[in-house]
Amino acid sequence: MNKLSDDQIKLRLQEGRNYKRLYFELKSKHDEVVGKLKQENKELRRLLIQALEQNKTQAIQIAELQTMVFGKKRKPPTGHYQPDLPKPEVTPRNKDSYRRPAPPAHAVTAEEPILLPETCKCGGRFKEITIHERYLEDIPLPDLTEDYQAHLVTKYVIERGVCGSCGKTTSGKDLGGQAVTLGPNVRLLICHLVTVVGLSYAQVIQLTSGLYQLHLTDGEIAAVLNKQHKNWPPAYSRLKADVRASPVKHYDETPWKIVEADNSGYVWVMSAANSPTTVFYLATSRGASHAKKLHGNSEDIHITDDYVAYRNLSGQQQLCWAHPYRHIRDLRYNQNLPKEQLAYVARWYASFAGIYHDLKTYLDESYDLRVRQKQSNELWQCLKLLASQKPPKSGEPAKLTRLKAQILRAGQDKWLICLPANTPCDNNRAERDLRPLVLKRKRSFGSKTVKGAKALSTILSICNTTWKTNPTNYFVRLAAI
């Protein structure tokens, strides 16, 4: 090989230095580009995971909305989890249970004897005659009852005169107001139909027109309710005081449109656990101030859901077990739940349902404070352990994560005070009291004015409580109030 000259060596070295510099420049740019790509890839992975989680959550929510709109295709099991208990024996019904009972003697308004003919069709005489009783229960209808008087109209002929000495005008009866007014019985019936029966104004008008030939208007019905509202504040205040004095109370609320308040509004309910007494309160919002106004300064136990408005009320709070049980049950049977999470949710549901079943069993047993306190501690350890479980690698639904956090945040004092205090562990009583209003809301669409909503609060409370406490002597007690 020919030996390189000094100039060639210098040239080769210069090229090597150029290549080396170019290499480091390209490597620096390459590392910069790769770093950006890695960062973008990491961000895209994060967004993809986030989108997948949102997709799972949205799929669960879509299934819940479909259930709300279209109903449940496969109804999940209701009641309480009883894995080892045998099915209770069904007591067979007797024949009398399928027939109307015979009315009492004081309810019989007429008696009509049905006699045998003198002789049989063949001409023979009857012997061994026996007596049998049958009853026919019916109601009078205007078009089918002879001499039926649909409603009573009393005409007052009132004298009015002027005193010859002092010139003062005097009449035998106050002449103020309208010439034609509605009587007390009609007013009580309207209050009953609007509240206990839950009819809309149009339905009340149809019923009174069809049965009593008495034609009403929306304005007259509203005026009747406002007048009764003005007459019944003392009874409403007494009723509220009685419920507040109850050792255990149930609270709940549901939307109720008030047109004057931009279609916002809520019906609040406070029910005594030891009696049928119930107080309703219609307000323009769901704010905590309304819950405090209804609750007062009571220091006893109140059973509620975990809505924040109830957390700062005076006294002790017992959280409703039925709410989380229904949530986790619906999640367990949600068809859009990812398969990799279904097994974990099913196990969690079975464990929670078992604890709930044990709690109901303990509450049905005879009361012993020391035993109840021990049972409360044992159940809390099980519930706390269940809520502290770490989710599997596949993750868990956001609703289950929130439920775990709710259990740990509230603690034993709010979940299991029912055992030592011997109170219900659910808020079903308040939900049952609100159920008729939920149905009425679909028929009447709420209240037009705030004034009308306040009047409805008073009428609802008094009529519903009177109906539940005196169903057989209802209108007599209502008239006395």
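Note that these values count all heavy atoms, side chains included, but never hydrogens, waters or copies made by symmetry.
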Item to check | Test ring pair (Phe, Tyr, Trp, His ring centres under 6.0 Å) applied to F280 - qualifying residues, sequence neighbours left out | outcome: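 With sequence neighbours excluded, F280 shows a ring pair (Phe, Tyr, Trp, His ring centres under 6.0 Å) to no residue whatsoever.
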Ignoring hydrogens and angles, state whether a donor on the side chain of [X] or [Y] is under 3.5 Å from an acceptor on the partner side chain.
X: T458; Y: Q228; result: no
X: Q203; Y: Y201; result: no
X: T469; Y: R477; result: no
X: H323; Y: E431; result: yes
X: E159; Y: S171; result: no
X: R429; Y: T278; result: yes
X: D242; Y: T277; result: no
X: Y310; Y: E253; result: yes
X: K249; Y: S298; result: yes

Checklist entry - To the nearest 0.5 Å, how far apart are NE2 in H250 and CZ in R432? => result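 Going from NE2 on H250 over to CZ on R432, the span is 8.0 Å.
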Next on the checklist: I need the L416 CG to C425 SG distance, nearest 0.5 Å.
Outcome noted: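 Going from the CG atom of L416 to the SG atom of C425 covers 9.0 Å.
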Item to check | D426 and K360 ion-paired at < 4.0 Å | outcome: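 So D426 pairs with K360 through a salt bridge.
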Item to check | Nearest atoms (heavy-atom pairs only) where A235 meets I462 | outcome: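 What the structure gives for the nearest pair is CB-CD1, 3.8 Å.
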Checklist entry - Can you name the closest pair of heavy atoms from D300 and R244 and give their distance? => result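 Looking at all heavy atoms of both residues, the shortest contact is OD2-O, 4.0 Å.
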Next on the checklist: Less than 6.0 angstrom from the centroid, inside 45 degrees of the normal: does K293 satisfy that with respect to the ring of Y281?
Outcome noted: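 Not flagged: K293 not positioned over aromatic ring of Y281.
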Checklist entry - Centre of F352's six-membered ring, under 6.0 Å away, within 45 degrees of the axis: is that where NZ or CZ of R329 sits? => result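 Verdict for F352: no cation-pi partner in R329.
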Distance-only donor-acceptor pairs under 3.5 Å for side chains of residues 99-114, two or more places apart:
unit_1	atom_1	unit_2	atom_2	d
R99	NH1	K95	O	2.9
R100	NE	E137	OE1	2.8
R100	NH2	E137	OE1	2.6

Item to check | Test side-chain contact (heavy atoms from CB on, under 4.5 Å) applied to S97 - qualifying residues, sequence neighbours left out | outcome: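 Only R93, N94 meet the side-chain contact (heavy atoms from CB on, under 4.5 Å) criterion with S97.
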Checklist entry - Knowing that exactly one of D433, L294, N464 qualifies, which makes a side-chain contact (heavy atoms from CB on, under 4.5 Å) with V269? => result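 Only one option passes, and that is D433.
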Checklist entry - Between I221 and I205, does a side chain to side chain contact (heavy atoms under 4.5 Å, CB included) hold up when you go through it step by step? => result CA-CA 9 Å; I221 296 175; I205 292 172; 3.8 Å; yes
Next on the checklist: Between Y266 and W256, is the ring centroid distance below 6.0 Å?
Outcome noted: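 Ring-ring flag for Y266/W256: false, centres at least 6.0 Å apart.
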Item to check | Residues, nucleotides or ligands: over 12 heavy atoms within 6.0 Å of K448 NZ | outcome: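 Check fails, neighbour count at 12 or below.
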